[in-house]
Student: 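Questions regarding the structure given below will be posed in turn.
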Amino acid sequence: MDQQLLALVDCNSFYVSCERLFAPKLRNRAVVVLSNNDGCVVARSKEAKKIPIAMGVPLYQIKEYVDSGRVIAQSSNYTLYGDLSQRVMAVLAAFGRSQEIYSIDECFLNLTGDPNPFTTMQLARQRVAQYVGIPVSVGIGPTKTLAKLASELAKDHPLGVFSCPSPGPELAAILHGVPLSDVWGIGARIGEKLSDWGVRTALDLARLNIHRMRDRFGVTGARVIEELRGVSCMDLQSEPPPKQSITVSRSFGEQVTERADLRSAIATHIERAAEKARGQRLCATSLTTFVERNRFDATAPQCDGAYTVTFPVPTNLTSELLATADVCVQKLWQPNGRWKKAGITLLGLVDQDAQQQSFLDPIDRVRAQALMQAMDTINHKHGRNLVRTGTTTLSQRWRPHNNRCSPRYTTCWDELLVLP
DNA sequence: TCTGGGGTCCTAGGACCC
DNA sequence: TCTGGGGTCCTAGGACCC
C-alpha cells in the first residue's frame, strides 16, 4: 500500500482572476472584489494584498485608495464565478485518482501512487491556464493540512507548485517558518490561546503535547497536530456529503423597524430558500427564522432572535413554507426593535424522492402487520381466504417535552373482502 | 453615513426513558 | 427521608472554513 499523497489546488485570488478574464485592464493592477451590497472586500489581487488591504474591510475604509485610482473596486458576480469554478474543477479532475471539491476555488486531488506528482501538478496548472485562463497554486503533501500549508508556500514559488517533504528535519525547518495563524483549522480564538502557551509557529504546534491539546480544544484540535505530523485524520471525500441545511440571509441597506418590512424580507428569503431546496430535490423538516441587530452599533437595542417552526411532513413547497412567515414575525417583532439583518434556515433536510418512501413505509408496515393478523385469525376460524381493506390517515402527536410534533398513523378498517 | 453570506463540526447541558 | 445510572435525542453556542 502506497503512502497517501494529496494535492490541494487553489485558484489565485479567484474572484479577481475571474473578473480579469473579461477585463484585461484589471491585469497587473491592485483589484478588490466586493460583497453583495458593495459592503466589504471579499477578494484581493496580489497587488492589493501587498498595499496592504485586509480581507473583509468595509469599502469606506479604503475609499481613498479607490478614489485615487490606486485600487480598482469591482462588484461581485457569483453566477460567473460558479460557472468558471465548474470548468476549473472539470479540468483538474483528470489529474488525480479522485477529487474532492472543497470550495468554489479549491479542490483536493488524490495523487497516491503517482510516480511524478510534481510533474503531474505542473501539467495540471498549465492545462487550467490554457483551457480556462485561471492561475492556480498547488500544494502537495501526505495529509490535507500539509497539502493546504504547501499550497500557501506555492504562491510564492516560481513554479506555482510546492511539495511538502516527508516528516523530518527538512519539514521541521519549513514548519518553523509558518505562523500559527496560517495553519488550517487554527483561527483567531484558538490561535490567541495557544499563543499564551508560547505556541507561535506550525512547528511549535506539531511538537505540542497532543493530550493537552485534546483536553483544551477537543478532537478537532488534536487532529490538526496529527495532520501536521503527517498522520492523516481527514479522508478525501469524493462524493459530496448530503446537505444538512440551506440558509438565505441578507443585511438590510438601512435599519428596519417596521413589522411589514420585516415580514416582507422574511417572505422573500423563504421563497428563495424554497427554490434552492426544490432545485436540489430536498425537503425541510423545520424552518428557523432569525433576525439580528447592527452588531457594530453599541447603542442598538437588543432585538436578536430566532424562531423555529417544525413541519409534520417535510416540505419544499413555497406556499407551505411561506405560511410560517406570519407566526415568525409575530414571535420576533418588538416595538423598539432596529434590525440590520434577517434570514431563514431550512433544517432537517431529506431527499424529496426518498421522503415519499419514508412517509409511506410506516403505513405499509402497520397495514401489513394488521392484515396478516386479521387474515390469520379469520382464516383460522373460517378456513377461508379473507382480507380487509381500509384507509390510513396521518395525524400529529404533540410532544410537550420538546415543543414539537411527531407523526401518528391511524388505520381504519372498513371492508371485508373474500378472496377467490 | 457606510461593515457579506453560506456552510460544517463539536460540545455541554437539559429532558426523557428504561 | 431515602431517591441510580446509562443511553439517546435535541438545542444552543462556539469555533472554524471559504
Side-chain angles (χ1 to χ4, degrees), chain A residues 8 10-15 32-44 53-64 66-67 73 75-76 78 81-82 85 100-108 144-145 148 151-152 180-194 214-224 233-234 237 240-255 269 272-273 276 280 285-286 288 290 292-298 300 304-308 310 340-349 399-404 406:
Chain A
L8 178 78
D10 191 317
C11 300
N12 299 343
S13 308
F14 182 54
Y15 296 169
V32 297
V33 172
L34 303 169
S35 64
N36 235 334
N37 302 321
D38 287 352
C40 56
V41 170
V42 294
R44 305 157 294 156
I53 289 174
M55 186 66 171
V57 294
L59 177 60
Y60 71 88
Q61 282 179 12
I62 56 164
K63 194 169 178 300
E64 282 159 36
V66 177
D67 288 347
S75 295
S76 46
Y78 292 102
Y81 310 150
S85 171
E100 174 185 335
I101 297 172
Y102 176 68
S103 73
I104 193 165
D105 70 336
E106 287 168 281
C107 74
F108 288 100
K144 283 184 168 180
T145 305
K148 179 96 177 156
S151 80
E152 288 303 318
L180 200 55
S181 54
D182 285 4
V183 176
W184 194 37
I186 305 296
R189 303 297 171 90
I190 293 177
E192 207 174 300
K193 286 164 194 156
L194 283 173
R214 171 71 181 84
D215 287 346
R216 183 68 183 78
F217 300 106
V219 291
T220 28
R223 261 180 222 155
V224 175
C233 302
M234 288 179 272
Q237 297 185 307
K243 263 221 193 321
Q244 295 177 29
S245 65
I246 293 173
T247 301
V248 175
S249 69
R250 289 287 179 279
S251 298
F252 297 125
E254 44 191 60
Q255 284 183 346
H269 297 337
R272 181 77 197 90
K276 280 193 184 184
Q280 298 171 47
T285 308
S286 68
T288 299
F290 57 91
E292 289 172 17
R293 63 206 245 277
N294 185 351
R295 62 183 198 285
F296 297 102
D297 179 2
D304 288 10
Y307 184 70
T308 302
T310 302
K340 190 66 180 131
K341 182 177 180 178
I344 74 111
T345 298
L346 299 180
L347 277 160
L349 299 180
R399 302 282 197 176
H401 70 279
N402 58 3
N403 222 23
R404 293 162 79 97
S406 60

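Here is the naming used below: chain letters follow the sequence lines, and residue numbers restart at 1 for every chain. Here the structure is a predicted model, which is why all the values come from computation and not from measurement.
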Student: May I have the distance from A/Leu347 (atom CG) to C/dC9 (atom P), rounded to whole angstrom?
Tutor: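 Taking atom P of C/dC9 as the reference, CG of A/Leu347 is at 17 Å.
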
Student: Start with the C-alpha gap between A/Thr247 and A/Thr345, add the side-chain angles, then the distance that decides, and say whether side-chain hydrogen bond (donor to acceptor under 3.5 Å, both in side chains) holds.
Tutor: CA-CA 4 Å; A/Thr247 301; A/Thr345 298; 3.1 Å; yes

Student: Just how far, in rounded Å, is P of C/dC18 from CZ of A/Phe108?
Tutor: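 Result: 9 Å.
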
Student: Can you tell me how far P of B/dT8 sits from CH2 of A/Trp184, to the nearest Å?
Tutor: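 In whole Å, B/dT8 P lies 15 Å from A/Trp184 CH2.
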
Student: Does OP1 or OP2 of B/dG6 have a side-chain N or O of A/Arg250 closer than 4.0 Å?
Tutor: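 For B/dG6, OP1 or OP2 has a side-chain N or O of A/Arg250 closer than 4.0 Å.
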
Student: Convert the base pairs of DNA chain C into dot-bracket notation, remembering that pairs crossing earlier ones are written with [ ] and that bases paired across to another strand are shown as |; include only Watson-Crick or G-U pairs under 3.5 Å.
Tutor: ....||||||||||||||

Student: When you check the phosphate oxygens OP1 and OP2 of C/dC17, does a side-chain N or O of A/Lys148 lie under 4.0 Å from one of them?
Tutor: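 For A/Lys148, the contact criterion (side-chain N or O under 4.0 Å from OP1 or OP2 of C/dC17) is not met.
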
Student: To the nearest Å, give me how far apart CG (A/Leu34) and P (B/dG4) are.
Tutor: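 It works out to 12 Å between those atoms.
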
Student: How many Å lie between OH on A/Tyr81 and P on B/dG5, as a whole number?
Tutor: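 Whole-Å distance recorded here is 15 Å.
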
Student: Check every atom of B/dT3, B/dT11, C/dC18 against the side chain of A/Tyr60 and return the nucleotide holding the closest atom.
Tutor: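 Output: B/dT3.
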
Student: In this structure, how many angstroms lie between the P atom of B/dG5 and the CZ atom of A/Phe290, rounded?
Tutor: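 Taking CZ of A/Phe290 and P of B/dG5, I get 10 Å after rounding.
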
Student: Among B/dG4, C/dC17, C/dA15, find the nucleotide with the atom closest to the side chain of A/Arg189.
Tutor: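 Minimum distance to the A/Arg189 side chain belongs to C/dA15.
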
Student: Near DNA chain B, under 4.0 Å by heavy atom, which residues of residues 241-249 of chain A?
Tutor: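 Correct list: A/Lys243, A/Gln244, A/Ser245, A/Ile246, A/Thr247, A/Val248, A/Ser249.
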
Student: Using whole Å, what does the distance between atom C1' of nucleotide B/dG6 and atom NZ of A/Lys276 come to?
Tutor: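 Going from NZ in A/Lys276 over to C1' in B/dG6 covers 7 Å.
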
Student: Are a donor atom and an acceptor atom from the side chains of A/Thr288 and A/Thr308 found within less than 3.5 Å of each other?
Tutor: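 There is such a pair (donor and acceptor under 3.5 Å, judged by atom type) between the side chains of A/Thr288 and A/Thr308.
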
Student: Check every atom of C/dA15, C/dC18, B/dT3 against the side chain of A/Ile190 and return the nucleotide holding the closest atom.
Tutor: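 So the side chain of A/Ile190 is nearest to C/dA15.
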
Student: Any donor and acceptor pair, going by atom type alone, linking the side chain of A/Asn294 with main-chain N or O of A/Phe296 inside 3.5 Å?
Tutor: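 Yes, because the side chain of A/Asn294 sits within donor-acceptor range (under 3.5 Å) of the backbone of A/Phe296.
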
Student: Taking CD in A/Gln280 as the centre, count heavy atoms belonging to other residues, nucleotides or ligands within less than 6.0 Å. Is the count above 12?
Tutor: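 Above 12, so yes.
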
Student: What's A/Lys63 touching, base or sugar-phosphate or nothing? Going by heavy atoms closer than 4.0 Å.
Tutor: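 The answer is nothing, as A/Lys63 stays clear of every strand by at least 4.0 Å.
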
Student: What is the minimum heavy-atom distance between A/Ala43 and A/Tyr15, and which atoms define it?
Tutor: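 The answer is CB-CB, 3.8 Å.
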
Student: Is any side-chain heavy atom of A/Leu194 closer than 4.5 Å to a side-chain heavy atom of A/Phe217?
Tutor: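 In contact.
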
Student: Return the stacking result for B/dT3 and A/Phe296: yes when the ring centres lie under 5.5 Å apart and the planes under 30°, no otherwise.
Tutor: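 One would call A/Phe296 stacked on the B/dT3 base.
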
Student: Please confirm whether A/Phe290 and A/Tyr307 have ring centers closer than 6.0 angstrom.
Tutor: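 No, the ring centres sit 6.0 Å or more apart.
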
Student: Report the nucleotide, chosen from B/dG4, B/dT3, B/dC10, that has the shortest atom-to-atom distance to any side-chain atom of A/Val42.
Tutor: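 The listed nucleotide nearest to A/Val42's side chain is B/dG4.
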
Student: Do A/Glu106 and A/Lys148 sit within salt-bridge range, that is, some charged N less than 4.0 Å from a carboxylate O?
Tutor: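 So A/Glu106 pairs with A/Lys148 through a salt bridge.
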
Student: Which is true for A/Phe217 with a 4.0 Å heavy-atom rule: it touches a base, it touches only sugar-phosphate, or it touches nothing?
Tutor: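 Counting heavy atoms under 4.0 Å across all strands, no contact is made by A/Phe217.
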
Student: What is the separation between atom CD on A/Glu192 and atom C1' on C/dG14, rounded to the nearest whole Å?
Tutor: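 After rounding, the gap between these two atoms is 14 Å.
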
Student: Please compare A/Tyr15 and A/Arg214 by the position of their nearest nucleotide in DNA chain B and report the one closer to 5'.
Tutor: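 Of the two residues, A/Tyr15 wins.
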
Student: Donor-acceptor check, side chain of A/Thr285 to backbone of A/Gly348, threshold 3.5 angstrom: yes or no?
Tutor: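 Looks like yes, one N/O pair under 3.5 Å.
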
Student: So, the side chain of A/Ser13 versus the backbone of A/Arg44: is there a donor-acceptor pair under 3.5 Å, distance only?
Tutor: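 Present.
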
